[in-house]
Structure formats: C-alpha cells, structure tokens
Amino acid sequence: MDTKGKIYLAIKTDNPNYTIDWFHKNISLHPTEFNLMFERGNVPKSTSWIFSTGELINADYSEELIDLINKLSIYENQLIKLKNTYSDINFTLQIVIFLGSNNPSLNFNPFVISFINKLSANIDCDIYNNL
C-alpha cells in the first residue's frame, strides 16, 4: 500500500469579510484551494486560503517541503506584510501523511524553519496509520 499525503500552507481567519477577492488584493499568489467561512451552512468554521503540493505518493517529504517553500518564498514579503498588518489571520504549515508500506522522510532543515519563523507560522503534522 502506498504512503500518501500532502503539504500545504494555510492562512486561516475567523473574519467573514476576508473573501477570495480580499486575498487577491493582498497577495498575488493564487491559492490551490479556498474555503469561505460558513459557505456550506455552519461549515467551515473559518476561512482558509491554501497553497498545496497536491497529493503526494511515496514522496520524500523533506524534499517536498523545500519545493513548497521555494515556491512560496517568491511571495515572502507579501506574506509577511499580510501577517504583520492583520492580526486576525494565522499561518500554518500543514503536513498530512497516511502511512502505507513505504516509510517517508520528514526533516525540517534551516531553510524551512527560517521561512516558517518569518511568517510566525505553526507547524502541524498529522500522521495516520493507513495499514
């Protein structure tokens, strides 16, 4: 069975006024996914702007993290400005792994840690046994 997962940067807020247009005005990077707070009745509970690697299969998560940060680093100044200007948004680097028979590598090198620190982001790792 394959090991599957994804890595993404999520910007979340409980402010219902932060629409996709609001994000487009504040950051030129377009998300791979966007969910508006309460767009499906009572869910989701917050607005989330997500930039993802997409589904990963039997990946080296350490390398995928570097690739994601390289793509995001082009927008580093915009992301930092967004974080510093609006106190009601939060950044999270999310790593989701569904373990199969292939054991993934996961390492946070100084490049990744430095970028996450600049954004004052959280790191959240969800690892599930899929066997």
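By the rule that hydrophobic residues join a cluster once side-chain heavy atoms approach within less than 4.5 Å of another member, I27 and L68 end up as members of one cluster. L93 and L82 fall within the same hydrophobic cluster, defined by Ile, Leu, Val, Met, Phe, Trp and Tyr side-chain heavy atoms under 4.5 Å apart, directly or through other members.
Relative orientation of the W22 and Y86 rings is perpendicular, given thresholds of 30° and 60° on the angle between their planes. Relative orientation of the F23 and Y18 rings is perpendicular, given thresholds of 30° and 60° on the angle between their planes.
Once rounded to the nearest 0.5 Å, the distance linking CG of L56 with CD of E64 reads 4.5 Å. How far CD1 of I69 is from CD of E76: 9.5 Å, rounded to the nearest 0.5 Å.
Closest approach of K71 and F51 over heavy atoms only: CB-CE2, 4.2 Å. Across all non-hydrogen atoms, the minimal contact from F34 to I20 is CZ-N, 3.4 Å. The two residues S73 and F115 have their closest heavy-atom pair at CA-CE1, 3.7 Å. Of all heavy-atom pairs between I50 and Y8, the closest is CG2-CD1, 3.6 Å. Closest non-hydrogen pair, G54 versus K6, comes out as O-CB, 3.4 Å. Scanning both residues, N107 and S62, for their nearest heavy atoms gives N-OG, 2.7 Å.
Remark: the backbone N or O of F111 is paired with a side-chain donor or acceptor of N109 at under 3.5 angstrom. Here the side chain of S101 pairs a donor or acceptor atom with the backbone of M1 at under 3.5 angstrom. No side-chain donor-acceptor contact under 3.5 Å links T47 to the backbone of L36. A donor-acceptor pair under 3.5 Å is formed between the side chain of T13 and the backbone N or O of N15. S105 places no side-chain N or O within donor-acceptor distance of the main-chain N or O of Y61, the cut-off being under 3.5 Å. Side chain of N58 to main chain of D2: no donor-acceptor pair is present (N/O by atom type, distance under 3.5 Å, no hydrogens or angles).
In summary, the side chains of Q78 and N26 do not present any donor paired with an acceptor at a separation below 3.5 Å, with no hydrogens or angles considered. Side chain to side chain, S52 and T32 fail the donor-acceptor criterion of an N or O pair below 3.5 Å.
Residues I97 and T3 form a side-chain contact, since some pair of their non-hydrogen atoms from C-beta on lies under 4.5 Å apart.
Under the side chain to side chain contact (heavy atoms under 4.5 Å, CB included) rule, I123 has a single partner from T92, L65, I95, which is I95.
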